Amino acid sequence: YPTWKRTLARRAREDQMKRFCRAQAIQRRLEEIEVTFRELEQQGTKLEKLLRDENESLADQQTQWTNQLLYLVQKKNNLMTEESDLMIAVQELKLEEQQCQLDQKLRSYMNIEETLKTPEDRKAEQETLKQLVEVVNKRNVLIQMQEEKRLSEL
């Protein structure tokens, strides 16, 4: 088993572990966002009730409650944006994993000497290459979406 094959296998395992750790971190953050959403909803509901029920309250108090409500809405919008970014990151991780698997599969076909390949091997190699190109194109679209979103936010 040549050294370069072991090195490739080790790097593939390391990359897979990095993707797994990133996926776990994203999942944790999505769960945190969900909890924060619920808390913001509860706080918003309380503030709306205060604003509706307390018609005789001082104007300063109502202004303060309104400002708090607007702050909660802004915070919720920021969380929704972050959640959207994380969902794109999840899709990107899935495509990255697919690309890695297809790349390994393609390498295995390419390592077979051309004279030893069967017609089925050649067909499978072409199909794998086609799938790999599709995955790369999908990742490119995601990256373009992220870049457009970033530019629009600026």
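No experiment lies behind these values; they were computed from the predicted model shown.
Residues R52 and K49 are not in side-chain contact: their nearest non-hydrogen atoms beyond the backbone lie 4.5 Å or more apart. Taking 4.5 Å as the limit, every side-chain heavy atom of V141 sits out of range of all side-chain heavy atoms of N137. Residues D85 and K149 have side chains in contact (heavy-atom distance under 4.5 Å, counting atoms from C-beta outward). Using a 4.5 Å heavy-atom threshold, the side chains of K105 and L132 count as separate. The shortest side-chain heavy-atom distance between L50 and Q61 does not fall under the 4.5 Å cut-off.
At distances below 3.5 Å, at least one donor-acceptor pair connects side-chain atoms of D121 with backbone N or O atoms of T118. Distance alone, capped at 3.5 Å, places no donor-acceptor pair between the S84 side chain and the M80 backbone. Here the side chain of N111 pairs a donor or acceptor atom with the backbone of R107 at under 3.5 angstrom.
One finds the CG atom of L102 at 10.0 Å from the CD atom of E127 (value rounded to the nearest 0.5 Å). To the nearest 0.5 Å, atoms OG1 (T66) and CD (E48) are separated by 10.5 Å. We find the CG-CD distance between L129 and Q126 to be 6.0 Å, quoted to the nearest 0.5 Å. I33 CD1 to L40 CG: the interatomic distance, rounded to the nearest 0.5 Å, is 11.0 Å. Atom CD1 of I88 is separated from atom CG of L93 by 12.5 Å, given to the nearest 0.5 angstrom. To the nearest 0.5 angstrom, Q16 atom CD is 11.0 Å from C21 atom SG.
Smallest separation of non-hydrogen atoms from E153 and T81: OE2-CG2, 3.6 Å.
Cluster annotation: L79 and L72 are assigned to the same hydrophobic cluster (Ile/Leu/Val/Met/Phe/Trp/Tyr, side-chain heavy-atom contacts under 4.5 Å, transitive). Under the 4.5 Å side-chain heavy-atom criterion for grouping Ile, Leu, Val, Met, Phe, Trp and Tyr, V73 is not connected to L51 through any hydrophobic cluster. No continuous path of hydrophobic side-chain contacts links L8 to M110 [ILVMFWY only; heavy atoms under 4.5 Å]. Both W65 and L69 belong to a common hydrophobic cluster when Ile, Leu, Val, Met, Phe, Trp and Tyr are linked at side-chain heavy-atom distances under 4.5 angstrom.
We find that R22 and E96 are joined by a salt bridge, their nearest charged nitrogen and carboxylate oxygen being less than 4.0 Å apart. Classification of E83 and R29 as a salt-bridged pair fails, no side-chain N sitting under 4.0 Å from a carboxylate O. Checked for salt-bridge contact, E134 and K138 miss the test: no charged N lies under 4.0 Å from a carboxylate O. Between E14 and R10, at least one side-chain nitrogen of the basic residue sits less than 4.0 Å from a carboxylate oxygen of the acidic one, meeting the salt-bridge criterion. Using a 4.0 Å cut-off between a side-chain N of Lys or Arg and a carboxylate O of Asp or Glu, K117 and E114 qualify as a salt bridge. Taking a cutoff of 4.0 Å between a charged side-chain nitrogen and a carboxylate oxygen, R150 and E147 qualify as a salt bridge.
Looking at Q43 and E39, their side chains never bring a donor and an acceptor atom within 3.5 Å of each other.
For CZ of R122, the number of neighbouring non-hydrogen atoms (other residues, nucleotides, ligands) closer than 6.0 Å is greater than 12.
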*Please walk me through it: do E148 and Q144 pass side chain to side chain donor-acceptor pair (under 3.5 Å)?*
CA-CA 6 Å; E148 288 172 7; Q144 285 176 345; over 6 Å; no

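Listed by first and then second residue, the salt bridge (charged side-chain N to carboxylate O under 4.0 Å, His left out) pairs involving residues 62-72 amount to none (not counting sequence neighbours).
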